[in-house]
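Okay, so here's the structure we're looking at.
What you see below is based on every heavy atom in this structure, not just the backbone, and it leaves out hydrogens, waters and symmetry mates. Whatever order the structure lists them in is the order used to number ligands and atoms, beginning at 1.
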Amino acid sequence: MASVLGEKERKKIVFPSKNELSEAMAKYTANLSAKFCKERGYFTLVLSGGDLISWLSELLKPVYQESIEWSKWHIFWVDERVVPLDHKDSNYKLAFDGFLSKVPIPIANIYAIDQDCAALGDAKGAALLYEKCIKRLVNRNIIRTYKSSGFPQFDLQLLGMGPDGHMASLFPGHYQIKEKANLVTYITDSPKPPPKRITFTLPVINCTSYNLMAVCDEAQADAVAKVFEDNFDLPSTWLTADVEAIWFLDQAAASKIPKGH
Ligand SMILES: O=C1O[C@H](COP(=O)(O)O)[C@@H](O)[C@H](O)[C@H]1O
């Protein structure tokens with residue numbers, strides 16, 4: 001059943017296990033890739049870090065390797081830790097090692113944060129430069145804009161949620177969730193290490209055409225239940241999308257959602 005967020009719906013699908021979830025996420029991504037590549041010659045995909053990247057490995061199977069138009073993909077990060085790009089905590093490194101290096105996406109279409117800011121730990125500079133990068137790609141029509149607002153509109157965003165209900169690097173009780181003026185903001189005291197991060201702001205996250213939030217395991221079950229009870233103290237409860245916001249859950253993550261939600 002869908003729960004309601006203003007006039008928008010929050011949908012969910014509960015899968016028996018991570019395997020089924022990961023298969024469905026690959027199918028969902030491949031279908032949207034085909035749709036957007038056909039409609040406009042590009043597919044803009046926003047990744048997060050965390051467990052999600054290992055579930056993306058389903059896309060490495062021959063059926064997808066051979067059918068996806070990889071050269072039309074453009075890759076972004078909804079949030080990034082401000083650490084050198086070869087650091088174990090880097091979301092870029094996680095995605096590159098586990099997925100991006102194994103598919104033929106042109107390297108020029110993979111938009112990591114500025115490497116100097118990353119090496120220096122300059123979160124503010126990294127946020128400013130990532131925002132500039134997004135605006136440049138809007139001007140080149142690689143990223144669409146949302147209706148008349150001028151906000152960037154990505155095709156698909158794949159998100160994860162922490163046990164505290166954070167999404168991207170928008171954490172409960174931190175002011176970044178309220179930021180509306182900028183496309184990209186930063187945090188220097190993240191409650192989850194590492195402390196310095198950049199993140200898309202909520203308006204950018206919610207302008208995305210399709211938002212898929214994938215959550216597995218019992219550790220997240222309390223937070224998932226709070227989201228489906230519309231507890232807006234959790235940043236993830238604010239997630240919507242232009243076309244569809246859908247939660248892919250395994251049974252453990254969904255186990256505490258009250259009946260009827
Ligand atoms: O720190 C982060 O955490 C979230 C959630 O990660 P998970 O390991 O609980 O799936 C992730 O979505 C975000 O990109 C990352 O920077």
Side-chain angles (χ1 to χ4, degrees), residues 12 15 17-19 21-22 25 29 45-58 75-85 87-100 110-113 117-118 121 123 126-127 130 154 156-174 176-177 184-202 204-206 208 210-227 234-239 241 245-250 252-256:
K12 71 166 167 4
F15 297 92
S17 73
K18 279 180 201 164
N19 273 353
L21 182 148
S22 140
M25 191 165 77
T29 304
L45 174 64
V46 183
L47 299 176
S48 50
D51 294 335
L52 182 105
I53 299 303
S54 63
W55 306 331
L56 271 184
S57 59
E58 186 69 23
I75 303 291
F76 305 86
W77 276 268
V78 67
D79 76 319
E80 179 57 287
R81 289 96 175 267
V82 185
V83 293
L85 298 183
H87 190 281
K88 64 169 181 41
D89 287 338
S90 159
N91 284 344
Y92 164 82
K93 178 176 165 51
L94 181 73
F96 192 80
D97 292 351
F99 174 57
L100 298 172
I110 298 176
Y111 307 95
I113 61 169
C117 291
Y130 210 59
F154 296 95
L156 170 64
Q157 193 158 235
L158 298 174
L159 296 152
M161 178 179 75
D164 60 353
H166 83 268
M167 68 172 171
S169 283
L170 300 174
F171 290 90
H174 285 255
Q176 287 82 1
I177 183 76
V184 183
T185 189
Y186 66 100
I187 180 167
T188 53
D189 60 350
S190 160
K192 175 177 174 182
K196 292 181 188 172
R197 293 152 171 257
I198 69 163
T199 180
F200 283 177
T201 54
L202 190 64
V204 174
I205 292 176
N206 283 350
T208 304
Y210 294 83
N211 268 324
L212 190 164
M213 171 70 89
V215 189
C216 290
D217 296 331
E218 218 200 314
Q220 329 277 60
D222 285 321
V224 169
K226 286 183 188 157
V227 168
L234 278 64
S236 298
T237 308
W238 292 94
L239 181 68
I246 189 155
W247 287 63
F248 278 16
L249 305 168
D250 74 349
S255 60
K256 295 187 178 167

For Arg197, the ligand 1 atoms whose distance to one of its heavy atoms is below 4.0 Å:
1 (O), 2 (C), 16 (O)

Which protein heavy atom lies closest to atom 10 (O) of ligand 1, and at what distance to 0.1 Å?
Asp51 N, 3.3 Å

Which residue is it: Val46, Asn91, Thr199? I am looking for the one with a side-chain contact (heavy atoms from CB on, under 4.5 Å) to Trp77.
Asn91

Within the 4.0 Å heavy-atom shell around Gly160, which atoms of ligand 1 are there?
12 (O)

Check this for me: Tyr186, atom OH, are more than 12 non-hydrogen atoms of other residues, nucleotides or ligands nearer than 6.0 Å?
no

Any idea which atoms of ligand 1 are less than 4.0 Å away from a heavy-atom of Gln220?
9 (O)

Which ligand 1 atoms are under 4.0 Å away from a heavy-atom of His166?
1 (O), 2 (C), 3 (O), 4 (C), 5 (C)

Logged contact type for Arg81 with ligand 1, heavy-atom cut-off 4.0 Å, is side chain

Ligand 1 atoms in contact with Ser48 (distance to a heavy atom under 4.0 Å):
12 (O), 14 (O)

Check ligand 1 against Gly50 and write out every atom of the ligand that is under 4.0 Å from a heavy-atom position of the residue.
6 (O), 7 (P), 8 (O), 10 (O)

Of all the non-hydrogen atoms in the protein, which one sits nearest to atom 9 (O) of ligand 1, and at what distance?
Met161 O, 3.4 Å

Short side-chain to backbone donor-acceptor contact, Ser169 and Glu80, under 3.5 Å
no

Using 0.5 Å steps for rounding, measure from the CG atom of Leu45 to the CD atom of Gln157.
9.0 Å

Who are the side chain to side chain contact (heavy atoms under 4.5 Å, CB included) partners of Asp164, not counting sequence neighbours?
His166, Phe171, Pro172

Can you confirm, on distance only, whether ligand 1 has an N/O atom lying under 3.5 Å from any N/O atom belonging to Gly49?
yes

Judged by atom type as modelled, is there a donor-acceptor pair below 3.5 Å linking the side chain of Tyr130 to the main-chain atoms of Asp79?
no

Side chain, backbone, both or neither: which applies to Asn91 and ligand 1 if a contact is any heavy-atom pair less than 4.0 Å apart?
side chain

Distance to 0.1 Å, residue and atom name: give those for the protein heavy atom nearest to atom 6 (O) of ligand 1.
Lys192 NZ, 3.6 Å

Which is closest to atom 16 (O) of ligand 1 by heavy-atom distance: Leu47, Asp79, Val215?
Asp79

Which heavy atom in Arg81 sits nearest to a heavy atom in Ile113, and how many Å separate them?
O-CD1, 4.1 Å

Is the side chain of Ser90 donor-acceptor paired with the backbone N or O of Lys93 at a distance under 3.5 Å, no angle test?
yes

Listed by chain and number, what are the side-chain hydrogen bond (donor to acceptor under 3.5 Å, both in side chains) partners of Lys18, not counting sequence neighbours?
Asp217

